[in-house]
Every structure is written in structure tokens, then in C-alpha cells.
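Notes to accompany the following structure.
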Amino acid sequence: MKTMKRPNILLTGTPGVGKTTLGKELAERTGLCYINVGEVAQEGQLYDGFDEEYQCPVLDEDRVIDELEDRMSEGGVIVDYHGCDFFPERWFDIVFVLRTDNTCLYTRLENRGYTGKKLEDNVQCEIFQTIYEEAMGAYKEEIVHQLPSNEPEDLERNVEQITQWVEQWMKDNN
Ligand code: ADP
Ligand code: MG
């Protein structure tokens, strides 16, 4: 029996915008497989040095790519990461950049325990739409979409719309 082709989706955006929340719900709804790149790196210790300024390990991007390549070529994966320009462009059929209003994001990151420069820099990253521009530079513009992610209704609508997109993609590609 020939297996159904399934799309790969990238969920990206500033920390705190809701990638993990959306990714897990979407995986339940669509049956696609959810992958959190931060967790994959942590599990495999796929790091290359330490960032003193932010007090966090630096991802070894090449090893992360090697680790995920086989699963990505199979298809049917939802990838969650706060960066997006080092993944191979061919991996993704669609890219969603989640966006959150500044005050809302500030509160979420405070609740997560972020303070000082780390808090300010992440909110600035959202204000300057850094990840959106990174995505627009790394992928074909027509596959990059921004999604508002401020309130529970946004989450519901995003799950609904992406689920419909997945169903349509599968009809078109099988
Ligand atoms: P990320 O994975 O992008 O860092 P999370 O999914 O961990 O973000 O979400 C950060 C916080 O924001 C969590 O407390 C989550 O419950 C909340 N959140 C996520 N999406 C929404 C939304 N659409 N409306 C309200 N709160 C949300
Ligand atoms: Mg997350």
C-alpha cells in the first residue's frame, strides 16, 4: 500500500508567541507529528558553545539538520522553533510566523520568569518583526504567513484554518 503524502509545516516566531501551544493542538487535530527543535537539541546535546550574554547554549545547526533530515523527507511534520533561517528551504511546504501584541507578550514572558535584558530583547524582537523578516528572507514569500496569537480565539481559529489547509494539501498531493 502506498502511504499518503503529508505536508511539513514550520511554526516560528519570537519566544512566547504560542508556537508550542499551537503545534501540540495541531498535531492532535491533524495526526501530523510535532517536533520541538529546542527539545531535540537538548536531548541530543546538539550544541556548539555557550552564549554568555543570554546564558544559554548555542545550537549546532548542522547536527540539528542531520538529526531531523530523515523525518523531514518522510513528510507530515510540524516543526516548532524560534528561528528559521538555517533549516533547508526545501523542508517546508508552508511557514507560519505567530505574532503577539507587545503588552501581551511582555506579560507572557514575565510569567515565564524572563526579566531584564532577556525580557526586553525578546519584546524588541517582536516589535521589529525580526522573525517574520527572517522567514521572508529564507523562504518563498508566498508560503510565509503571519498569524495573530493574542487570545484563545486566535488559537482556535489558527488550528481550524491550518487543519483545513492540511486537508486540502493532502487532496491536492495524493
Ligand atoms: P512559545 O512556544 O512560542 O514560546 P507557548 O506556546 O509556550 O509559546 O505560549 C506562551 C504562553 O502563551 C503560554 O502560557 C500559553 O498558554 C499562552 N498562549 C499561547 N497562545 C495563546 C493564545 N492564542 N491566547 C492566549 N494565550 C496563549
Ligand atoms: Mg515553545
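Quick caveat: nothing in here was measured; it's all calculated off a predicted structure. Positions are given from 1 along the sequence. Whatever order the structure lists ligands and atoms in, that order sets their numbers, starting from 1.
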| task | Go through the steps for Met170 and Val166 under the test side chain to side chain contact (heavy atoms under 4.5 Å, CB included), then give the verdict. | result | CA-CA 6 Å; Met170 294 195 21; Val166 170; 4.2 Å; yes

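Atoms of ligand 1 lying under 4.0 Å from at least one heavy atom of Asn150, given by number and element, are 24 (N), 25 (C). Interface of Ser149 with ligand 1, defined as ligand atoms under 4.0 Å from a residue heavy atom, comprises 20 (N), 23 (N). For ligand 1, the atoms closer than 4.0 angstrom to any heavy atom of Leu155 are 23 (N).
Backbone and side-chain nitrogen or oxygen atoms of Lys19 are examined, and one is located within less than 3.5 angstrom of a nitrogen or oxygen of ligand 1. Among the atoms of Leu22, none of the N or O lies under 3.5 angstrom from an N or O of ligand 1. For the pair Asp80 and ligand 1, the shortest N or O to N or O distance does not fall below 3.5 Å. Checked by distance only, ligand 1 and Gly18 come closer than 3.5 Å through their nitrogen or oxygen atoms.
With values rounded to the nearest 0.5 angstrom, Arg29 atom CZ is found 11.0 Å from Ile162 atom CD1. Atoms OG1 and CD1, from Thr12 and Ile131 in turn, are 5.0 Å apart once rounded to the nearest 0.5 Å.
In terms of protein heavy-atom proximity, atom 11 (C) of ligand 1 is closest to Arg108 CD, 3.7 Å. The protein heavy atom nearest to atom 13 (C) of ligand 1 is Thr21 OG1, 4.5 Å. In terms of protein heavy-atom proximity, atom 23 (N) of ligand 1 is nearest to Glu151 O, 2.9 Å. The nearest heavy-atom contact from the protein to atom 2 (O) of ligand 1 is Thr20 OG1, 2.7 Å. Of all protein heavy atoms, the one closest to atom 10 (C) of ligand 1 is Gly16 O, 3.6 Å.
Side-chain atoms of Asp60 never come within 3.5 Å of backbone atoms of Leu46 as a donor-acceptor pair (strictly under, hydrogens ignored).
Of the candidates Val79, Val77, Ile9, Phe92 forms a side chain to side chain contact (heavy atoms under 4.5 Å, CB included) with just one, namely Val79. Considering Asn122, Val97, Leu98, Thr130 as possible partners of Thr14, the one that fulfils the side chain to side chain contact (heavy atoms under 4.5 Å, CB included) test is Asn122.
Checking atom 25 (C) of ligand 1 against the protein gives a heavy-atom contact under 4.0 Å.
Between His145 and Phe96, the two ring planes are tilted [angle within 30° to 60°].
Here Glu69 pairs with Arg90 in a salt bridge; the nearest charged N to carboxylate O distance falls below 4.0 Å. Contact check on Arg157 versus Asp154 returns a salt bridge, with a Lys/Arg side-chain nitrogen under 4.0 Å from an Asp/Glu carboxylate oxygen.
Judged by the shortest distance from any of its heavy atoms, Arg112 lies inside the 4.0 Å radius around the atoms of ligand 1. Heavy atoms of Gly13 stay at 4.0 angstrom or farther from ligand 1.
You'll find the side chain of Tyr81 stays beyond 4.5 Å of the side chain of Lys19, heavy atoms only.
Thr20 lies close to the Mg ion (ligand 2), since one of its N, O or S atoms is found at a distance under 2.8 Å.
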